[in-house]
Amino acid sequence: MTGAREVRVAALADLAAGALRPVEVDGTRIVLVRVGDAVHACGGVCPHRGGWLSEGKLSGMRLACPLHGWIFDIRSGQCLFPGRGARVSSYRVRIDGDSVFVEVPAP
C-alpha cells in the first residue's frame with residue numbers, strides 16, 4: 001500500500017525568514033523556505049542540470065537555480081522561467097508548535 005507520511009524536518013525557530021534550508025528525507029533533497037509566517041517545501045535539485053536549489057536566490061515566492069537561473073515557484077514547484085513545463089516536487093508543510101513537518105511519499 002502506498003501513501004504519505006509526515007516527517008519532522010526542522011525546528012521553526014531555526015528557519016529564518018527568506019533563508020533557504022536544505023534537508024534530506026529518505027535520500028531526497030528538499031529545500032525549506034520561510035516567507036513571513038508560512039513555510040514552503042519543494043524539491044531541492046533543479047531538473048535542468050542538477051543545481052542545488054538551497055544555494056539559489058529567493059525573490060518573493062520565486063527561487064532561482066544557482067547554475068543557470070531557472071526559476072521555480074516555491075509553492076507549486078512549477079518552473080516559471082524558461083517555462084518549458086519543468087517542475088520540482090512540492091510538499092505539504094505542517095507546523096506544530098516549534099516543529100516543522102513535511103509530508104513525503106511513504107517508502
Report yes if some heavy atom in the side chain of [X] is under 4.5 Å from a heavy atom in the side chain of [Y]; otherwise report no.
| X | Y | answer |
| --- | --- | --- |
| Leu12 | Arg34 | yes |
| Ile71 | Cys79 | no |
| Val102 | Glu6 | no |
| Arg94 | Glu103 | no |

Which atom pair, heavy atoms only, marks the closest approach of [X] to [Y]?
| X | Y | result |
| --- | --- | --- |
| Glu55 | Pro66 | O-CB, 3.5 Å |
| Val9 | Val23 | O-CG1, 3.7 Å |
| Arg5 | Pro107 | NE-CD, 3.3 Å |
| Tyr91 | Thr28 | OH-CG2, 3.6 Å |
| Phe72 | Gly77 | CD2-O, 3.5 Å |
| Leu63 | Gly56 | CD1-C, 4.2 Å |

- Query: Does Asp37 CG have over 12 foreign heavy atoms under 6.0 Å away?
  - Reply: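 No - once you tally the heavy atoms of other residues, nucleotides and ligands closer than 6.0 Å, there are 12 at most.
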- Is it true that atom CZ of Arg62 has more than 12 heavy atoms of other residues, nucleotides or ligands lying nearer than 6.0 Å?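 Not more than 12 within 6.0 Å, no.
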Do [X] and [Y] sit in the same hydrophobic cluster, where Ile, Leu, Val, Met, Phe, Trp and Tyr count as joined when their side-chain heavy atoms come under 4.5 Å apart?
| X | Y | value |
| --- | --- | --- |
| Leu15 | Met61 | no |
| Leu58 | Leu53 | yes |
| Val25 | Val39 | yes |
| Ile95 | Ile30 | yes |
| Val31 | Val35 | yes |

- Message: Would you compute the distance between atom SG of Cys42 and atom CZ of Arg29 and round it to the nearest 0.5 angstrom?
- Response: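 Interatomic distance, Cys42 SG to Arg29 CZ, rounded to 0.5 Å: 12.0 Å.
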- Task: Supply the atom-to-atom distance Asp73 CG to Gln78 CD, rounded to the nearest 0.5 angstrom.
- Result: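 Those atoms lie 8.5 Å apart.
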- Query: Are Arg8 and Phe101 in a cation-pi contact, defined as NZ or CZ under 6.0 Å from the six-membered ring centre and within 45° of the axis?
  - Reply: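 Negative - Arg8 is either too far from the ring of Phe101 or too far off its axis.
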- Message: In terms of relative ring orientation, are His48 and Trp70 parallel, tilted or perpendicular, with 30° and 60° separating the classes?
- Response: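 Correct class here is parallel.
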- Output yes when a side-chain donor or acceptor of Arg87 lies under 3.5 Å from a complementary backbone atom of Ser76, and no otherwise. yes
- May I have the step-by-step check of side chain to side chain contact (heavy atoms under 4.5 Å, CB included) for Val93 and His40, ending in yes or no? CA-CA 6 Å; Val93 175; His40 304 278; 5.6 Å; no
